[in-house]
Colleague: 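I am attaching a structure below and will ask some questions about it afterwards.
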Amino acid sequence: MSRCLILAAFLLALIPIEVKAGRDDFGMGVAAAACAMLDSGMSQRKVEKVLDLLERQIMASGISTRQQYQMAKGFNFQASRNNCRLRYRN
């Protein structure tokens with residue numbers, strides 16, 4: 001199994017079972033995994049498709065507006081800290 005697929009599987013494994021996805025640290029973890037996918041050679045388009053799928057699943061779980069903001073804040077902080085070109089768009 002290629003590293004890209006392993007990283008994609010890791011990112012999808014982060015999908016919350018309960019609505020705990022709104023924490024800053026969850027967003028930071030998702031950003032770290034997504035940036036690692038880019039660093040491993042996966043195209044930005046593919047990484048964004050994985051992120052879009054994850055976002056749809058999180059939204060379906062009933063995440064609150066406050067939790068969405070916290071997750072986006074954590075994601076953008078970690079992405080900028082890693083000098084990664086991904087950003088969470090509201």
Side-chain angles (χ1 to χ4, degrees):
M1 185 180 258
S2 73
R3 286 190 330 184
C4 292
L5 290 176
I6 292 170
L7 288 171
F10 170 75
L11 184 59
L12 291 174
L14 293 174
I15 296 170
I17 293 173
E18 298 176 29
V19 182
K20 295 181 181 177
R23 301 182 319 203
D24 292 355
D25 58 342
F26 182 83
M28 291 170 68
V30 170
C35 293
M37 292 166 132
L38 285 176
D39 290 344
S40 72
M42 186 179 261
S43 73
Q44 184 165 345
R45 183 173 181 230
K46 286 183 181 179
V47 173
E48 287 177 351
K49 285 179 86 171
V50 172
L51 291 173
D52 289 343
L53 172 63
L54 180 61
E55 181 180 21
R56 284 192 305 273
Q57 292 176 340
I58 290 170
M59 298 303 282
S61 75
I63 187 172
S64 71
T65 303
R66 180 175 163 264
Q67 290 173 320
Q68 290 174 43
Y69 171 77
Q70 289 175 329
M71 189 176 76
K73 181 180 166 189
F75 184 96
N76 290 334
F77 171 78
Q78 187 66 30
S80 66
R81 188 172 165 201
N82 287 333
N83 198 23
C84 181
R85 61 188 176 269
L86 295 171
R87 294 294 180 272
Y88 185 83
R89 308 170 293 286
N90 289 339

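All residue numbers in this chain count up from 1 along the given sequence. Scope of the values below: all heavy atoms of this structure, side chains included, with no hydrogens, waters or symmetry mates.
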Colleague: Could you measure the distance from the CD atom of Q67 to the CZ atom of F26? Nearest 0.5 Å is fine.
Modeller: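 Reported to 0.5 Å precision, the distance equals 11.0 Å.
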
Colleague: Does CG belonging to N83 count more than 12 external heavy atoms closer than 6.0 Å?
Modeller: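 Open: at most 12 neighbouring heavy atoms sit under 6.0 Å from CG of N83.
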
Colleague: Would F77 and M28 count as a side chain to side chain contact (heavy atoms under 4.5 Å, CB included) if you check the C-alpha gap in whole Å, the side-chain angles of each, and the deciding distance to 0.1 Å?
Modeller: CA-CA 7 Å; F77 171 78; M28 291 170 68; 3.9 Å; yes

Colleague: Nearest heavy-atom pair of A79 and R87: which atoms, and what distance?
Modeller: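 It is CB-NH1, 3.5 Å.
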
Colleague: So which atom in C84 and which in L38 form the shortest heavy-atom distance, rounded to 0.1 Å?
Modeller: SG-CD1, 3.8 Å

Colleague: Please find the pair of heavy atoms, one from Q68 and one from I63, that lie closest to each other, and give the distance.
Modeller: NE2-O, 3.5 Å

Colleague: For the side chain of E48 and the backbone of R45, is there at least one donor-acceptor N/O pair under 3.5 Å apart?
Modeller: no

Colleague: Run Y69 and K73 through side chain to side chain contact (heavy atoms under 4.5 Å, CB included) and show every step you take.
Modeller: CA-CA 6 Å; Y69 171 77; K73 181 180 166 189; 4.1 Å; yes

Colleague: I need the minimum non-hydrogen distance between Q78 and A32, along with the two atoms involved.
Modeller: CG-N, 4.0 Å

Colleague: When rounded to the nearest 0.5 angstrom, what distance separates CD in Q70 from CG in D25?
Modeller: 9.5 Å

Colleague: Which atoms form the tightest heavy-atom contact between N76 and Y88, and what is the distance?
Modeller: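 In terms of heavy atoms, the two residues are closest at OD1-N, 2.6 Å.
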
Colleague: For the pair Q44 and V47, evaluate side chain to side chain contact (heavy atoms under 4.5 Å, CB included) and give the outcome as yes or no after the intermediate values.
Modeller: CA-CA 5 Å; Q44 184 165 345; V47 173; 5.6 Å; no

